[in-house]
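All remarks here apply to the structure that follows.
All values derive from a computational prediction rather than experimental measurement. FYI, the numbering just counts along the sequence from 1. Both ligands and their constituent atoms are indexed starting at 1 by order of listing.
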Amino acid sequence: MTTQAPRCVALSGGVGGAKLALGLARTLLPEDLTIIANTGDDFEHLGLTICPDIDTLTYTLAGISNTETGWGRGGETWQFMASMEALGGETWFQLGDRDLATHVERSRRLASGETLTGITGDFRQRLGIEPKILPMSDTPVRTIVETPDGPLPFQHYFVREQCAPVVTGFRFDGAADAHPAPGIAEALAGDDLSAVVICPSNPFISIDPIFAVPGLRDMLTAAKAPVVAVSPIVGGKALKGPTAKMMTELGLDSDAVAVARHYGDLLDGFVLDSSDAGSDDAVRSLGVDVLMTDTIMKTLADKERLAREVLTFAEKLGNSSHG
Ligand code: FO1
């Protein structure tokens with residue numbers, strides 16, 4: 001009998017998701033990993049198209065990210081921002097000098113008719129990344145955060161307003177006309193797929209925009225591999241970002257069980273942090289298998305260990321569902 005290397009598709013937003021994506025990239029053969037990135041955070045700013053989650057994934061996998069912020073590039077300088085400030089331009093969204101090149105070149109290529117998939121693929125190859133990073137769609141989809149004072153474009157809510165407004169809901173503008181990016185259907189098809197991993201990203205603003213692309217969630221449901229999500233909530237708190245605050249404002253419990261319930265039928269397995277022992281029965285009662293482990297990824301070794309454990313968990317789920 002020959003044992004095949006596992007093949008995996010991962011869905012990711014920004015910082016938290018990119019950490020597990022890096023662990024997966026260091027565990028799997030490059031041709032066996034495809035990462036689908038949220039583009040709902042994308043926006044047009046200073047005449048440029050900014051794609052934060054694609055860039056966070058790309059910089060993280062290339063080993064050139066700013067490990068303190070999780071976004072942007074390491075060793076950054078800020079002359080462009082200082083010059084903008086002197087001219088009275090907008091500076092609430094920090095674009096470093098090195099990072100700026102990504103946005104300028106991507107915007108130029110988009111304007112000349114290239115697709116986001118093509119540009120993302122070219123950038124990652126030039127930066128030495130082997131696994132595929134695919135945007136969820138080549139059609140622009142923009143997350144809009146509904147608040148009592150009206151709708152806010154995602155980055156205005158997240159960065160300019162520092163997530164302070166109360167969230168009453170979300171809209172994904174453009175999603176109805178979007179199509180999954182080329183390569184997604186192929187990555188999710190085939191009997192050799194071993195795992196679909198939903199990285200520990202915010203379910204509402206990082207993963208739901210991916211599911212808002214018509215047909216994409218159905219492709220996941222139809223995939224021949226178990227779908228496993230890693231909880232972004234640990235001990236009732238989001239490790240980074242506004243997930244727990246949002247859940248409370250939306251009238252949900254701000255715990256890992258509510259995240260599992262949010263994904264619902266889609267899930268075969270859920271990875272809970274050991275500090276959430278006691279929530280596992282509630283997740284199992286949803287008909288979802290549970291892996292309890294340490295999900296906090298501080299070091300590279302943490303990322304690799306979690307990636308290995310998630311893949312082994314998915315493999316077990318796959319074996320049991322196929323008798
Ligand atoms: N996040 C911030 O909190 N402040 C910033 O000034 C900021 C700038 C920025 C520039 C490029 C980029 O790719 C990402 C950037 N982010 C910034 C992160 C971005 O807002 C992400 O969408 C969120 O972190 C959610 O994933």
Side-chain angles (χ1 to χ4, degrees), residues 10-22 35-62 64-82 84-85 89-107 110 116 119-120 123-124 127 129 133 135-136 140-145 152-165 167 170 172 198-210 232-233 238-246 297:
L11 275 57
S12 181
V15 184
K19 287 184 179 180
L20 184 58
L22 176 60
I35 305 156
I36 302 175
N38 169 43
T39 59
D41 290 13
D42 295 8
F43 76 135
E44 281 62 42
H45 184 60
L46 306 176
L48 303 168
T49 299
I50 318 276
C51 304
D53 288 354
I54 289 178
D55 293 347
T56 296
L57 278 164
T58 304
Y59 295 159
T60 301
L61 265 60
I64 57 171
S65 67
N66 178 333
T67 47
E68 265 161 47
T69 56
W71 52 263
R73 290 189 57 160
E76 193 54 282
T77 54
W78 302 94
Q79 304 295 338
F80 170 69
M81 277 287 107
M84 278 302 276
E85 189 162 21
E90 286 188 56
T91 55
W92 59 269
F93 195 83
Q94 295 281 302
L95 296 175
D97 301 331
R98 290 168 194 253
D99 185 32
L100 184 61
T102 303
H103 313 303
V104 170
E105 179 59 2
R106 175 170 44 224
S107 303
L110 284 171
L116 187 57
I119 300 165
T120 304
F123 283 3
R124 64 127 181 122
L127 292 172
I129 303 168
I133 299 173
M136 64 195 201
V141 175
R142 300 291 181 256
T143 298
I144 306 293
V145 183
L152 278 174
F154 178 76
Q155 295 297 343
H156 288 225
Y157 161 78
F158 195 93
V159 177
R160 203 187 63 191
E161 306 293 329
Q162 300 279 296
C163 307
V167 172
F170 303 96
F172 305 114
I198 302 179
C199 290
S201 296
N202 184 310
F204 308 98
I205 53 175
S206 296
I207 304 299
D208 280 357
I210 302 180
I233 298 273
L239 290 175
K240 204 168 190 315
T243 314
K245 175 180 178 282
M246 264 177 197
M297 293 173 279

Exercise for the section: Return the orientation label for the Y157 and F154 ring planes: parallel under 30°, perpendicular over 60°, tilted otherwise. Expected result: tilted

Exercise for the section: Report yes if W71 has an N/O atom closer than 3.5 Å to an N/O atom of ligand 1; otherwise report no. Expected result: yes

Practice task
Please check if the distance between the ring centroids of F43 and F93 is under 6.0 Å.
Solution key: yes

Exercise for the section: Give the single entry among H45, Q155, R160, R73 that approaches atom 22 (O) of ligand 1 most closely by any heavy atom. Expected result: Q155

Practice task
Looking only at distances, please establish whether an N/O atom of ligand 1 is found under 3.5 Å from an N/O atom of D41.
Solution key: yes

Problem - Polar side chain donor-acceptor pair, Y59 to D99, under 3.5 angstrom - result: yes

Handout entry: SB check D55 R106 (cutoff 4.0 Å)
Key = yes

Practice task
Tell me which protein heavy atom sits closest to atom 23 (C) of ligand 1, plus the residue, atom name and distance to 0.1 Å.
Solution key: F158 CE2, 3.4 Å

Problem - CD/E105: more than 12 non-hydrogen atoms of other groups inside 6.0 Å - result: yes

Fill in the blank from the handout: To atom 21 (C) of ligand 1, the nearest of P52, G16, S65 on a heavy-atom basis is P52

Completion exercise
Ranked by distance from atom 9 (C) of ligand 1, the top protein heavy atom is F93 CZ, 3.2 Å

Handout entry: From the candidates D99, D55, V15, the one that places a heavy atom nearest atom 11 (C) of ligand 1
Key = D99

Exercise for the section: Quick one: do R160 and E90 satisfy salt bridge (charged side-chain N to carboxylate O under 4.0 Å, His left out)? Show the steps, please. Expected result: CA-CA 10 Å; R160 203 187 63 191; E90 286 188 56; 5.9 Å; no

